[in-house]
Undergrad: 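One structure, pasted below without further comment.
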Amino acid sequence: MALPLPPGLTPAEVGFLCEMELVTVIPRQRLEGLELLGGPTQPMIPPFATPLPLWLALLLKKQRRANISPPGWLNVEALTHILDFETDERTADVFSPSPRLPQPTSTAPLEEDPYLAHDALELSPPFLKDAATAQAQDDALPYHWLELSHLLLTHAADDFDDPDAVHRLLRDLREVRMSKLRKGFRVLDAGAGVKMNGMGGMEVAEVRGFVGGVVDGLRRINRSREEARKEEEAEQRENGLGSSNYRDDEDDDML
Amino acid sequence: MAYYNPEAILTDAQKAPCTFELAVPGLAPLNNGSAIEHGTKLDLPLWMAEMLAVSKPAGPSSTSLASLDMPPALGPRVLNALSADPKSVELRAQAQWFYGLGERMLDLFDEEKMVELLIDMFSRQTFKQRALEIADKSQNTRTTQQGGDSGDFMGGLDETERQLFRAAHDGSNAVKRWFESSSRS
């Protein structure tokens with residue numbers, strides 16, 4: 001209650017975190033590796049591509065010390081392909097899938113504590129490597145696609161082959177996905193959710209307040225019924241009656 | 001319900017009609033100074049109505065001081081209008097905290113049939129359909145505020161819905177602001 005911020009990340013925070021993503025940079029000047037808080041960066045030696053965090057890449061780009069080579073999914077061809085998937089009637093209910101997860105590094109949980117074993121940490125978005133570097137998978141939108149493409153297009157537009165077309169495609173993609181999300185609002189319920197696989201961080205942050213509010217409102221309306229049901233259940237348990245009737249009712253409601 | 005929650009307090013301050021079952025001389029101030037007899041009808045704030053309806057006076061009679069009636073905001077007229085078209089009813093004109101009021105009344109009333117009806121009505125149709133409408137309208141606040149075809153849209157929302165509207169609007173607004181600020185620097 002005392003915290004004025006809503007729960008979850010705000011769009012500005014998501015945008016900030018996006019700047020941690022690694023992008024591929026083609027340096028124009030030599031630069032020694034830097035010891036940053038997020039880990040050391042590779043030294044920059046002019047003709048060779050180097051992965052750098054986005055914020056540093058943008059800074060160097062502004063100083064004309066480097067060019068950014070856009071990730072594989074951020075070009076006209078790949079985006080057209082993804083947009084086709086999004087607008088296809090057969091896949092009208094789903095978002096285009098997020099990039100493939102890396103191969104699991106461990107198969108069976110260790111005998112000791114499986115959570116502490118270092119090789120048992122499976123990565124998932126937004127912690128995937130190479131989501132925005134030149135090695136990125138080119139047929140899927142990564143977690144930070146909206147923020148990253150916006151930053152690259154506004155600050156490094158001259159590194160794109162056709163920035164206007166890319167911009168147009170991104171705008172189309174965003175609109176298609178927003179309308180899909182809006183369609184998903186219809187199935188919201190006190191206990192139900194929307195399937196949001198493949199959603200980007202910014203899109204989630206945008207609708208979090210609304211979706212949370214709707215679900216909470218529905219939950220409050222249904223509260224008295226829930227409580228009555230719980231009481232009934234407790235009563236039946238006290239009386240030692242089988243609760244089969246109650247179970248049946250619940251199953252019907254769930255359908 | 002949280003003790004320090006102003007929304008809960010305001011919800012409880014909404015009025016509900018009560019019928020007194022007994023003559024209560026001590027409560028005359030509630031009725032503008034005239035005496036309260038058996039059968040007097042008064043609109044009382046929900047918190048007081050609840051106490052009067054639940055508490056039983058010591059003495060031979062076993063009835064409570066007053067009985068609580070359904071407030072007109074949840075009466076058949078409004079419910080019929082809601083089932084006809086959830087979007088056309090101005091909930092705010094019925095009660096400022098319409099859903100809060102409904103929620104409290106559901107707590108207090110035990111008639112199963114009515115409770116089921118209300119819940120179904122609220123959750124399946126009214127709340128959801130109106131929420132969808134809110135989501136759409138919140139994307140385009142100019143028409144909502146400057147009175148296009150939906151000039152009094154905001155005026156018909158109850159407080160819970162206004163909060164939803166604000167949440168939806170804040171979300172897309174924050175994204176827009178981030179886009180603008182990140183293209184400047």
Undergrad: Given A:Tyr143 and A:Glu21, is the side chain to side chain donor-acceptor pair (under 3.5 Å) satisfied, shown in steps?
TA: CA-CA 10 Å; A:Tyr143 187 72; A:Glu21 290 280 320; over 6 Å; no
Undergrad: Nearest 0.5 Å please: distance from the CG atom of B:Leu10 over to the CD atom of B:Glu7.
TA: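 That separation rounds to 8.0 Å.
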Undergrad: Could I get the full list of salt bridge (charged side-chain N to carboxylate O under 4.0 Å, His left out) partners for A:Asp216, not counting sequence neighbours?
TA: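 Partners of A:Asp216 under the salt bridge (charged side-chain N to carboxylate O under 4.0 Å, His left out) test: A:Arg219.
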Undergrad: Answer yes when A:Lys61 and A:Asp158 have at least one side-chain N-carboxylate O distance shorter than 4.0 Å, and no when they do not.
TA: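 So A:Lys61 pairs with A:Asp158 through a salt bridge.
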Undergrad: Sort B:Asp170 into side chain, backbone, both or neither according to what part of it lies under 4.5 angstrom from a heavy atom of chain A.
TA: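 For B:Asp170, there is no contact with chain A at all, as no heavy atom is under 4.5 Å.
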Undergrad: Can you list the residues that meet the side chain to side chain donor-acceptor pair (under 3.5 Å) rule with A:Glu19, with sequence neighbours excluded?
TA: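 Applying side chain to side chain donor-acceptor pair (under 3.5 Å) to A:Glu19 gives none.
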Undergrad: Which residue out of B:Val175, B:Asn173, B:Thr160 racks up the most heavy-atom pairs below 4.5 Å with chain A?
TA: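 Between B:Val175, B:Asn173, B:Thr160, the count favours B:Val175.
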Undergrad: Report, in residue-number order, which members of residues 199-208 of chain A are under 4.5 Å from chain B by heavy-atom distance.
TA: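 Within residues 199-208 of chain A, near chain B: A:Met202, A:Glu206.
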Undergrad: So, using side chain to side chain donor-acceptor pair (under 3.5 Å) as the criterion, who are the partners of A:Thr10 when residues are at least two apart?
TA: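 A:Thr10 satisfies side chain to side chain donor-acceptor pair (under 3.5 Å) with A:Glu13 once adjacent residues are dropped.
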Undergrad: Between B:Ala95 and B:Asp158, which heavy-atom pair has the shortest distance, and what is it?
TA: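 Closest pair (atom of B:Ala95, atom of B:Asp158, distance): O-CB, 4.1 Å.
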